[in-house]
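Below is one structure, written out as structure tokens; comments come after it.
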Amino acid sequence: MPIAPLFNHIDEAGFWAMSAQPEEIEAYCLATFNAMPVARQRAFLEYAQGRQAA
């Protein structure tokens, strides 16, 4: 699981994701998305749908 951020939450999440297993990343992604308020879910979907897969 991600640890407390060293600089900011985005940096720490990115660092954690580089070493996590794909199934672990997917599980945390779904769990955190479901935990977001509906307005944040909509904003996230808008952001994600506007990007190309990496």
Side-chain angles (χ1 to χ4, degrees):
M1 110 172 53
I3 61 172
L6 299 174
F7 300 106
N8 65 50
H9 288 67
I10 296 296
D11 288 339
E12 191 59 42
F15 177 76
W16 170 82
M18 288 188 306
S19 62
Q21 296 296 313
E23 297 83 8
E24 193 176 12
I25 293 169
E26 292 166 5
Y28 277 100
C29 180
L30 182 58
T32 54
F33 178 81
N34 288 336
M36 290 179 189
V38 172
R40 290 292 285 167
Q41 288 179 356
R42 285 189 189 114
F44 176 80
L45 289 175
E46 207 172 288
Y47 170 78
Q49 290 171 349
R51 298 183 49 147
Q52 296 293 320

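Values below: all heavy atoms of this structure, side chains included; hydrogens, waters and symmetry mates excluded.
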*Please go through Ile10's hydrophobic cluster and name the other residues, only I, L, V, M, F, W, Y counting, with side-chain heavy atoms under 4.5 Å joining them.*
none

In a table with atom names and distances, give each donor-acceptor pair under 3.5 Å that connects a side chain of residues 38-45 to protein atoms at least two apart or in another chain.
unit_1: Gln41; atom_1: NE2; unit_2: Phe33; atom_2: O; d: 2.8
unit_1: Gln41; atom_1: NE2; unit_2: Met36; atom_2: O; d: 3.3

*Give the other cluster members for Met18, using side-chain heavy-atom distances under 4.5 Å between Ile, Leu, Val, Met, Phe, Trp and Tyr residues; answer none if it is isolated.*
Phe15

*Please name the pair of heavy atoms, one in Ile25 and one in Ala17, separated by the smallest distance, quoted to 0.1 Å.*
CD1-O, 3.5 Å

